[in-house]
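Remember, predicted model here, so these are calculated numbers, not experimental data.
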Amino acid sequence: MMALKSKNELYTRASPRRGLSREEAAMYLGISPSKFDELRKDGRVGAARLIDGRKVWDIHALDQAFDALPYEGHDPDDDWKPAV
């Protein structure tokens, strides 16, 4: 398998695909690869799957990770406060 030659190639590769490279997974989530690495390190994005030693991220797992992110201006503790 050939390595990507430029960032523009990420936009022109065939779709749809279920498994994404690190760079593609970051782009899918709308973040930089370095921010993706931070999310991986702190557990907000799960581990990659392996295909013959190549790491790929499942878009279904990325969707779940994205869905778990908080909304701006929403305090998750409010979900457990009784209505008065």
Please tabulate, for side-chain N and O atoms in residues 33-40, each donor-acceptor pair with protein atoms closer than 3.5 Å (sequence neighbours left out).
unit_1	atom_1	unit_2	atom_2	d
S34	OG	S32	OG	3.1
K35	NZ	E38	OE1	3.1
D37	OD1	R22	NE	2.8
D37	OD2	R22	NE	3.3
D37	OD2	R22	NH2	2.8
R40	NH1	V45	O	3.1
R40	NH1	G46	O	3.2

Which donor-acceptor pairs under 3.5 Å do the side chains of residues 64-72 make with protein atoms, sequence neighbours left out?
none

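Considering every non-hydrogen atom in both W57 and A47, the closest pair reads NE1-C, 3.8 Å.
With a 6.0 Å radius and a threshold of 12 heavy atoms from other residues, nucleotides or ligands, L50 has its CG atom above the threshold.
Looking at residues two or more places apart in sequence or on another chain, you find a side-chain contact (heavy atoms from CB on, under 4.5 Å) between D63 and Y28.
Here the straight-line distance linking atom CG of L29 with atom CE of M27 works out to 11.0 Å at 0.5 Å rounding.
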